[in-house]
Amino acid sequence: MSKIRVRFAPSPTGFVHVGGLRTALYNYLFAKKRGGTFILRIEDTDRSRYVEGATENLIAVLNWAGLVPDEGPEQGGDFGPYFQSQRQNIYRDYARELINGGRAYYAFDTPEEIEEMRRRAPKSEAPPKYDASLRMQMRNSLSLSPGESAELLEAGAPYVIRLLIPEDRTFTFNDIIRGQVSFHSRQIDDQVLIKSDGYPTYHLANVVDDHLMQISHVIRGEEWLSSVPKHVYLYECFGWKMPDLAHLPLIFNPDGTKMSKRNIQSLDELPSGKVDPDVQTYIDSGYEKEAILNYIAFLGWNPGDDRDVFTLRALQNIFSLERVNKSAAIFDLQKLNYLNQEHLHRMETDVLAEELKTEMQKAGIHYDADAYFKAVVDLLKSRLHFRKEFVEYSTYFFKEPESYDPQVVKKRWKGDSAKLLFEFIDEISKLDRFDAGSIEKCVRQIADRHEIGSGRIIHPVRLAVSGIGVGPGLFEMLQILGREKVTKRVKNAIEMIPARQQ
RNA sequence: GGCGCGUUCGUCUAGUGGUUUAGGACGCUGGCCUCUCACGCCGGUAGCACGGGUUCGAAUCCCGUACGCGCUGCCA
């Protein structure tokens, strides 16, 4: 079996689309699973749509995701350059070869003339194509005499090179995902191969580059399916072997429309039925990298069993194109959220703690010791949906409460709370070991003594040490805080709270 | 309009002629756990687009219809 070589070939026209990231991911997974090469090729042949910084941004997102190319603009390789804009002369040579072989021709029609040709058609009908039925009425090296054409070329008249699509041919090809697909040449127009600005169109460039770069499998979005016959014909003209094809299903908004960046400010205020196609938005919103990758991998693919949480490494081992679906998928934020939480909960505490330090520093919060910090992370981990929540959830572990939630005071702070809490700090002062088990025993004993529910102590203590009414299990929380802090905070609260009540 | 591709719970999907009273996950929902909020656990909800064939038997094969999407550019 020949070497697996796949490419992700985006055009730098803006932000990185969720669908684009998935295409990159599938290419990457396919290559890695089979010991192949993952190539990044920048398809920047449309100067009018070129966006400054888009390439850098694209590479940054790919690196962020861990989908690092084996060959590409950054890492180089034996098949460069990896920018199509730097390969112009290559395409030009191949286009000439086509013309010399009678497979392509020069066309001198101006954009206005083509526009006019299309406008001439009755409104009820479909716009005509530049094809066998029309080309002899246009201005090109087929309709003009050889002398006229040569004259125009010599005079430097603007021209494009068009592919001469044969009449009455059926192009059939096999797609790994869709099976056999065929098109009749009647449906295909004489595709422009070289534009008047000298740059190639996608169709020529991708065929030439895929061949020259020895691409074994083309994995891309379904929007390309309809232009495959043109590519099939080009491969035939050049006498090249075509790579295997896999056309991926599209990804849509919840309302079934195409994902668009229009009218989207943030994930918190999405227009009804819409979702943000910009990968950067999810990164900025604090989604776990692994969760994003896991989620988009499952948009159109599944491992065939019940498992649904995978790291990039794990996906590498089980991915296969054969298990990619045919039908389009809808992007669902809730499932992403679920996976985000799953990945967070499955992280090793040590690793998470290390990464959370950055979040803490950003928030300007300082902590005492590594062991203490890790203990807090361990305790709070299972309550996290997003890692950024940690800062908020853990504040009272790093500084004393400055106020007490009035709602909770009203609900939990009873007339005897102060008295019970005095008793509580007195009891815990006698404890040999200040651990969750001992603290709990202590609380239960006080409650029994007064014949009240232990909640009558638990809730006020929580309020006293944290200032709020929600949080992790109280006893574990107190153990981590330590006897000294707990005693101090409870005393503070006893002083503060009744004063506020009056 | 033409051509192409697609259609299993609200969503992601399993399913490749009998193992299926169509399975899982998210969501929603009932409960358990419990000191709160989460987590976790147990349960429920809901689907083969429609119509014809083929077959002893079809979600699975064929045809048609409907609907959706893609392409129909000197965009990719």
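Just so we're on the same page: letters track the sequence lines, and every chain starts at 1. What you are looking at is a predicted structure, and each value in this text was computed from that prediction instead of being measured.
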query = Closest to the A:V181 side chain: B:rG4, B:rU11, B:rA25?
reply = B:rG4

query = Of all the choices, B:rC35, B:rG6, B:rU11, which nucleotide is nearest to the side chain of A:S327 once you look at every atom?
reply =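 Of the options given, the side chain of A:S327 lies nearest B:rG6.
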
Please classify the nucleic acid contact of [X] as base, sugar-phosphate, or nothing, using heavy-atom distances under 4.0 Å.
X	value
A:E112	nothing
A:R323	sugar-phosphate
A:T257	nothing
A:L299	sugar-phosphate
A:R456	nothing
A:V408	nothing
A:G221	nothing
A:G469	base

query = In terms of the nearest nucleotide of RNA chain B, which residue is placed more toward the 5' end: A:N325 or A:E342?
reply = A:N325

Whether [X] and [Y] hold their rings parallel, tilted or perpendicular, with breakpoints at 30° and 60°:
X	Y	value
A:W301	A:F298	perpendicular
A:W224	A:H203	perpendicular
A:F331	A:Y295	perpendicular
A:F386	A:Y287	perpendicular

Using the [atom1] atom in both, what is the distance from [N] to [M], to the nearest Å?
N	M	atom1	result
B:rG44	B:rG23	P	11 Å
B:rC63	B:rC5	P	11 Å
B:rG10	B:rU19	C1'	30 Å
B:rC28	B:rC12	C1'	16 Å

key: Annotated protein contacts, base or backbone, on nucleotides 70-76 of chain B with a non-hydrogen cut-off under 4.0 Å, one of B, S, - each   = BSSSBBB

query = Cation-pi between A:R162 and A:Y130: NZ/CZ under 6.0 Å from ring centre and within 45° of the ring axis?
reply =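 Yes, A:R162 lies over the aromatic ring of A:Y130.
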
query = Name the one of A:Y235, A:Y233, A:F183 that satisfies ring-ring contact (aromatic ring centres under 6.0 Å, His included) with A:F171?
reply = A:Y233

key: Pair of N/O donor and acceptor under 3.5 Å linking B:rC35 base with A:R462 side chain   =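 Under the 3.5 Å cut-off, the side chain and the base do form a donor-acceptor pair.
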
query = In this structure, are over 12 heavy atoms from other groups packed under 6.0 Å from A:E167 atom CD?
reply =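 At most 12 heavy atoms, drawn from other residues, nucleotides or ligands, come within 6.0 Å of this atom.
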
